[in-house]
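Step one of this worksheet: look at the structure below.
Naming: A, B, ... by sequence-line order, numbering from 1 per chain. All values below were derived from every heavy atom in this structure, side-chain atoms included, with hydrogens, water molecules and symmetry-related copies excluded.
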Protein chains: 2
Amino acid sequence: MTHKKRPIGMVDIARLAGVSRPTVSRALQGSPLVNEETKERIREIALRHGYIVNRSAQNLRRKRNNVIAVVIDFPHLPESRISDPFHFELLGNISNELANQGQDVLLCSTQSVHSEPLEQMLSSKGVDGIIFLGQSGEEGELTSLANNGVPFVVWGAEPQKKEYCVVGSNNKRGGKLVAKRFTELGRTSAMFVGPDDHDEMKLRFSGFSSEWKGALEELAVKDISFQSSRDAVLHWLDSHDWHPDAIFAGSDTMAIGVLSALKAKGLSIPSDCTVCGYDDSPISIYHSPSLTTVKQDTSAAGILLVAKLMKIIEGEIQESEMLRTELIERET
Amino acid sequence: MTHKKRPIGMVDIARLAGVSRPTVSRALQGSPLVNEETKERIREIALRHGYIVNRSAQNLRRKRNNVIAVVIDFPHLPESRISDPFHFELLGNISNELANQGQDVLLCSTQSVHSEPLEQMLSSKGVDGIIFLGQSGEEGELTSLANNGVPFVVWGAEPQKKEYCVVGSNNKRGGKLVAKRFTELGRTSAMFVGPDDHDEMKLRFSGFSSEWKGALEELAVKDISFQSSRDAVLHWLDSHDWHPDAIFAGSDTMAIGVLSALKAKGLSIPSDCTVCGYDDSPISIYHSPSLTTVKQDTSAAGILLVAKLMKIIEGEIQESEMLRTELIERET
DNA sequence: CCCTAAATTGCAAACCTGTGCATTTGAGCA
DNA sequence: TGCTCAAATGCACAGGTTTGCAATTTAGGG
């Protein structure tokens, strides 16, 4: 039919509008340099002909690419250390907020990231900034990244050194809330279940123990999975002749593992022992008996992470910020 | 320090290697045109100086961008219709396989997709192909996409018309497996719980009913959430004076809703009524009592989806393919 | 030693846009 | 009218890579 199957370009719009190509470029960017009505006319023509700018060329010319990489540790993959539905929810909120801000979301699993230096990814894939999810225990690498001027934010625990910007929930406060709740319930001997090498969990424990007045046991588990917390609790119960009357688990997934172990031992919940989780992830609602938990506001988290990252990209420096946590009481 | 802070480019490598820029370009692509030892030398120099090609420029020049969009319906977002941890697992596997194939993963939530025509996204964001996850009931749009020559694959139910390529699990077979299991258990009256406007669920039901010889009730629910299946079952039990002795729920999430309802009514599981889910998602393992379910192999799914999409992008046409499903028996 | 083909390499155009600067246009004013 | 000034637009180049084609070098055969 037509002379060439070539997709429509900026030159074509320029010709149709009877102006030069640069004018079209400026018009589409909303530059104040170009006359209002010309601008409007050009826009109308572009729209009618279904023209959209070529991102590759645009990216090449500007240095900014409008691409944010989200690095996440996927569950159910061989080398995954952290696996929790909570991260999925967070990912959804971040993705939406990035879309609102006109940013593309480049999804990376930690596995693929570890294979090549992150800096490479930046320039190679044209990534403007990075959001790390669930990267506990990588402070070294992250600090090095920050020193190299890579713009990024992290979801996680508040860092000791303020080398980079972290957004997280107020884990310490969350832990205190749980302690208060246990106290209200009249419990006297508590146990915390969680890995001892995980920053967020450590803070939750620290908050809890600062508030808790009764007996306190800490049960360290090797990872945050359902299985390992279940096994750990079973083993503990086997080797002791008493049991705590309240257990605070570092996450909902772990809490359910704890519940499973308690039930297996014939304890009745919550009369013999009450259990509290963390995250307010779907499983804590669906589980029966449903679980009292500490909610982290993932929607606010997504918005805040994105906002801070954008500012960091602009060159501003941003303080870390911990979101308010909230106790969700459910029958247990 | 140095003259310019300009990032290292192909010209620099060329100068260092004492060759021209095009030669470097070809060497890095592994072109057979360039001498083996020259190639090796150039590669070594590039590596040593940490040079990586500028993707924007590369994309501009080639027409291919090596970017695959994954469109997913995130849970816990306002307009989300489908929300299941199962999709998270699938996403992880797809993401990994795409990384293996050297493709970037552009993550899109359905919300942002619906706001602008998909075709725009393609050229604007430089997307080479799309993978749709959980897009049941969009056949119209998808067919139109296919007719416009957009390369994409879908995870979901086998389509009536073979206009585009779908990968999914063999839902019908999955349903049959459940029916067999119920029969083995000596159950006589069954109920299927699931929405009646969801293709995959319909097939699961169809498979089930083709194999099931006993009494059969179909309980239609409005969406696939925990809440609505729980409510539906409660309501049903209230308005009937008997109950089935086996329930097949369209997904694990729904199965847990069903369990919750049954327990609320004081039925004991599995003696009064056995329940079976679908997906083998984490919650089915963690739940207590843990749930018999039908497993879909998400790892194979990811690999297959990606492989087919790549071929479609190359221009080949691909048949839809349903993966084998497998019954996972757990105490219930 | 000359000729031809193959193996390498370099030249220059092309991909599509953004932007500094010069140029044109038109208005306002003495 | 002649001048200045601001607004609007166009020119031309830059950005980093790929690739068709020409040019050069090398090897092999007569």
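- Under the salt bridge (Lys or Arg N to Asp or Glu O under 4.0 Å) criterion, B:Glu36 pairs with B:Lys39, sequence neighbours left out.
- In this structure, B:Ile42 places its CD1 atom 13 Å from P of C:dT8, rounding to the nearest Å.
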Please write out each protein N/O paired with an N/O of nucleotides 9-13 of chain C under 3.5 Å, distance rounded to 0.1 Å.
residue, atom, partner, partner atom, Å
C:dT9, OP1, B:Thr38, OG1, 3.2
C:dT9, OP2, B:Asn35, N, 3.1
C:dG10, OP2, B:Ser20, N, 2.8
C:dG10, OP2, B:Ser20, OG, 2.9
C:dG10, OP2, B:Thr23, OG1, 2.8
C:dG10, N7, B:Arg26, NH2, 3.1
C:dG10, O6, B:Arg26, NH2, 2.8

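- In this structure, A:Gln58 reaches the C:dG18 phosphate: one of its side-chain N or O atoms is under 4.0 Å from OP1 or OP2.
- As rounded to whole Å, 9 Å separates atom P of D:dA8 from atom CD of A:Glu36.
- Paired with B:Asn66 under the rule side chain to side chain contact (heavy atoms under 4.5 Å, CB included), one option of B:Gln58, B:Gln101, B:Arg55 passes, and it is B:Arg55.
- By the 30° and 60° cut-offs, the orientation of the rings of A:Phe152 relative to A:Tyr164 is tilted.
- Applying side chain to side chain contact (heavy atoms under 4.5 Å, CB included) to A:Val166 and the options A:Met322, A:Glu319, A:Gln318, A:Lys308 leaves one that passes, A:Met322.
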Could you run down the sub-3.5 Å N/O contacts of the protein with nucleotides 24-27 of chain C?
none

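- Between A:Tyr51 and the phosphate of C:dT17, there is a side-chain N or O to OP1/OP2 separation shorter than 4.0 Å.
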Would B:Ile42 and B:Thr23 satisfy side chain to side chain contact (heavy atoms under 4.5 Å, CB included), going step by step from the backbone distance to the final call?
CA-CA 9 Å; B:Ile42 292 177; B:Thr23 303; 4.0 Å; yes
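- For the pair B:Ile8 CD1 and D:dG15 P, the computed distance is 16 Å after rounding to whole Å.
- Side-chain N/O atoms of B:Gln29 include one lying less than 4.0 angstrom from OP1 or OP2 on D:dT19.
- Partners of A:Glu158 under the salt bridge (Lys or Arg N to Asp or Glu O under 4.0 Å) rule, at least two apart in sequence or in another chain, do not exist in this structure.
- In this structure, the CG atom of B:Asn59 is 12 Å from the P atom of D:dT19, given to the nearest Å.
- Here the NE2 atom belonging to B:His87 is positioned 6.5 Å from the CG atom belonging to B:Leu133, to the nearest 0.5 angstrom.
- Remark: A:Glu314 CD is packed, more than 12 non-hydrogen atoms of other residues, nucleotides or ligands lying under 6.0 Å away.
- Between A:Ile303 atom CD1 and A:Glu97 atom CD the span is 5.0 Å, to the nearest 0.5 Å.
- Both B:Leu60 and B:Pro32 lie close to DNA chain C; mapped to their nearest nucleotides by heavy-atom distance, the more 5′-ward contact belongs to B:Pro32.
- Taken over five-pair windows at either terminus, the axes of the helix from C:dC1-D:dG30 to C:dA30-D:dT1 are inclined to one another by 50° (rounded to 10 degrees).
- Put simply, A:Lys63 has no side-chain N or O that comes within less than 4.0 Å of OP1 or OP2 on C:dT17.
- Distance CE (B:Met10) to P (D:dG15): 16 Å, rounded to an integer number of Å.
- Whole-Å rounding puts the A:Arg15 CZ to D:dG10 C1' distance at 16 Å.
- Take B:Glu40 and apply the side chain to side chain donor-acceptor pair (under 3.5 Å) test, not counting sequence neighbours, and it matches no residue.
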B:Val153/B:Ile130 under side chain to side chain contact (heavy atoms under 4.5 Å, CB included): CA gap, chis, key distance, verdict
CA-CA 6 Å; B:Val153 293; B:Ile130 312 181; over 6 Å; no
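- Screening B:Ile68, B:Leu309, B:Val306 against B:Gln103 for a side chain to side chain contact (heavy atoms under 4.5 Å, CB included) leaves a single residue, B:Ile68.
- The separation between B:Lys39 atom NZ and C:dT8 atom C1' is 12 Å, rounded to whole Å.
- Nucleotide C:dC16 holds its P atom 14 Å from the CD1 atom of A:Ile13, rounded to whole Å.
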